[in-house]
Number of protein chains: 2
Amino acid sequence: MNIATDTRSRIIAAAKPRFHSRSYANVGIQEICESAGVQKGSFYHFFPSKRDLVMAVIDEFADEWAHGFVAEAFDPALPPMERIDYLVDAAYFWQKSIKQVHGRMLGCIFGNLTLEVSTQDDILRAKLLAIFSRAKSRFKDTLEEAVAAGTIAPLDADLTAEAMLAYLEGVILLAKSQNDPEVIYRLGPAIKTLRVEAAV
Amino acid sequence: MNIATDTRSRIIAAAKPRFHSRSYANVGIQEICESAGVQKGSFYHFFPSKRDLVMAVIDEFADEWAHGFVAEAFDPALPPMERIDYLVDAAYFWQKSIKQVHGRMLGCIFGNLTLEVSTQDDILRAKLLAIFSRAKSRFKDTLEEAVAAGTIAPLDADLTAEAMLAYLEGVILLAKSQNDPEVIYRLGPAIKTLRVEAAV
DNA sequence: CTTGCATTTTACCGAACGGTCAACTAGCAT
DNA sequence: ATGCTAGTTGACCGTTCGGTAAAATGCAAG
């Protein structure tokens with residue numbers, strides 16, 4: 001473990017919970033540096049700008065999810081539609097545990113950042129779009145598998161996948177507005193009722 | 001029309017598009033004052049704080065919607081489920097026209113603000129929650145009417161209404177991430193497939 | 001022992017932040 | 001005409017913002 005990479009990762013580690021629990025604009029570089037025990041000049045040695053930091057934070061969150069809950073949920077051994085249940089459950093438990101520790105529901109950092117910055121920074125918007133795009137693909141593959149297995153009636157897998165992703169983000173948004181992860185528990189399972197019929 | 005109220009409403013008029021198109025933290029009072037042709041001291045004569053301004057802006061947006069598209073959509077003369085279609089269409093056309101003028105999809109200001117500030121300001125969160133709560137009631141009443149009319153099978157109107165609201169917000173979020181209102185056009189109609197079954 | 005490079009420190013930049021204050025103006029009622 | 005009040009003005013508060021530049025440090029290869 002290089003000292004250099006250590007400083008860099010300490011910066012990211014300090015930034016992650018702050019961007020997640022507040023907002024992009026509300027978290028300053030000075031605060032991050034103080035929390036990481038790093039001088040500002042050192043920060044700019046590793047990150048050309050604040051935007052580059054938040055991109056690294058986005059990547060870390062994405063990796064964390066991809067290797068954690070997402071990998072568990074989209075386990076090929078599970079029946080396809082149960083994978084979707086699993087993912088919604090994971091979102092619920094995650095938000096619930098965050099609230100227990102932090103006292104607040106923080107929601108999905110990708111959704112949070114999307115609504116905050118996507119009118120102001122197309123590079124960040126593209127980064128977040130790519131995250132959503134990958135998530136949608138997971139849903140789509142799962143739906144196609146479910147159709148092939150006869151678990152569900154044929155449908156437009158691409159649009160239904162996008163609809164499910166939208167619904168999940170919307171549920172997390174409403175839950176955050178109530179500061180109550182139980183909203184995810186109550187509304188989450190209805191994700192499987194969403195359908196976009198295949199075009200003829 | 002009093003001169004006093006004119007200054008106040010000029011401030012709000014200047015603030016509205018800025019909070020909508022950027023974010024709460026990214027819009028400064030100085031900029032709003034310059035755009036409204038008002039001195040900062042005058043601003044603080046009408047608004048005790050920035051938060052009070054954004055609350056007035058929220059109220060204006062809410063009124064605008066309530067007396068515009070929402071009133072049209074939830075017209076008792078329309079068959080219940082068509083009202084929901086109407087509302088989704090209204091969201092689509094609104095975002096589309098904003099993009100034509102502004103070059104960007106701005107999304108729903110209530111959703112935008114919710115994700116940005118609700119972990120940092122419980123008063124604003126409560127304000128936004130009340131907006132969502134009213135919207136949910138509209139959906140709920142409509143669903144109950146549709147069930148009574150036999151248009152749709154019985155369901156849990158309260159939870160389904162909340163699910164539909166969540167879906168609408170989620171669709172707008174995804175559309176914003178793509179800067180493309182057509183996402184609303186494609187995904188919107190699936191809102192009627194959402195169902196939460198009534199508890200036995 | 002020296003050169004070179006990555007890293008770190010420290011001081012600094014101009015601009016903007018939300019908010020305050022006292023002085024001033026205008027209109028209206030007594 | 002006078003006094004009260006709502007509204008307005010413009011200067012000012014301390015703090016923080018994202019970002020820069022130059023000098024100092026540590027370390028490793030030649």
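Convention: sequence-line order gives letters A, B, ...; per-chain numbering from 1.
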For this session: Quick one: list whatever passes ring pair (Phe, Tyr, Trp, His ring centres under 6.0 Å) with B:Y86, sequence neighbours left out.
Result: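 If we apply the ring pair (Phe, Tyr, Trp, His ring centres under 6.0 Å) test to B:Y86, skipping adjacent residues, there are no hits.
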For this session: Using a cut-off of strictly less than 4.0 Å, decide whether A:Q39 has a side-chain nitrogen or oxygen near OP1 or OP2 of C:dT8.
Result: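 No, no such contact exists.
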Exercise. Should B:H45 be listed as having a side-chain N or O under 4.0 Å from OP1 or OP2 of D:dG7?
Worked result: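 It does, given that an N or O in the side chain of B:H45 lies less than 4.0 Å from OP1 or OP2 of D:dG7.
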Problem set entry | Cationic N near anionic O, under 4.0 Å, B:R195 to B:D156 |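 No, this pair does not count.
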For this session: May I ask you to decide whether A:E82 forms a salt bridge with A:K192, counting only side-chain N to carboxylate O separations under 4.0 Å?
Result: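 Between A:K192 and A:E82 there is no salt bridge, as every charged N stays at least 4.0 Å from the carboxylate O atoms.
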Problem set entry | Atom pair distance, as rounded to whole Å: CZ in A:R8 and P in C:dA6 |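 That distance rounds to 15 Å.
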Problem set entry | Rounded distance in Å - CD (B:E34) to C1' (C:dC17) |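 Between C1' of C:dC17 and CD of B:E34: 13 Å.
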Exercise. What salt bridge (Lys or Arg N to Asp or Glu O under 4.0 Å) pairs are there with at least one residue in residues 39-55 of chain B, not counting sequence neighbours?
Worked result: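 Those involving residues 39-55 of chain B are B:R51-B:D121.
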Backbone N or O of [Y] within a donor-acceptor pair of the [X] side chain at under 3.5 Å?
| X | Y | answer |
| --- | --- | --- |
| A:E144 | A:A157 | no |
| A:N179 | A:K99 | no |
| A:E116 | A:A25 | yes |

Problem set entry | Single hit among A:V57, A:L53, A:V54 for side chain to side chain contact (heavy atoms under 4.5 Å, CB included) with A:Y24 |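 One option only clears the test, and that one is A:V54.
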Below 3.5 Å is the cut-off: list the nitrogen or oxygen pairs between protein and nucleotides 17-20 of chain D, distance only.
residue: D:dG18; atom: OP1; partner: A:V27; partner atom: O; Å: 3.4
residue: D:dG18; atom: OP1; partner: A:K50; partner atom: NZ; Å: 2.6
residue: D:dG18; atom: OP2; partner: A:I29; partner atom: N; Å: 2.9
residue: D:dG18; atom: N7; partner: A:K40; partner atom: NZ; Å: 3.1
residue: D:dG19; atom: OP2; partner: A:Y44; partner atom: OH; Å: 3.0
residue: D:dG19; atom: OP2; partner: A:K50; partner atom: N; Å: 2.9
residue: D:dG19; atom: O6; partner: A:K40; partner atom: NZ; Å: 3.1

For this session: Treating a pair as Watson-Crick (purine N1 to pyrimidine N3 plus N6-O4 or O6-N4) or G-U wobble (N1-O2 and O6-N3) with both distances under 3.5 Å, list the stems of 3 or more consecutive pairs that involve DNA chain D.
Result: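 Stems for DNA chain D, defined as runs of 3 or more consecutive pairs: C:1-30 with D:1-30.
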For this session: Kindly write out the residues that satisfy salt bridge (charged side-chain N to carboxylate O under 4.0 Å, His left out) with A:E72, not counting sequence neighbours, or none if the list is empty.
Result: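 Salt bridge (charged side-chain N to carboxylate O under 4.0 Å, His left out) check on A:E72 returns nothing, list empty.
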Problem set entry | Stretch residues 112-120 of chain A: residues that reach within less than 4.0 Å of DNA chain C through a heavy atom |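 By residue number: none to list.
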Exercise. Would you say B:I131 and B:R134 make side-chain contact, with heavy atoms under 4.5 Å?
Worked result: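 The answer is yes, as the side chains (C-beta and beyond) meet within the 4.5 Å cut-off.
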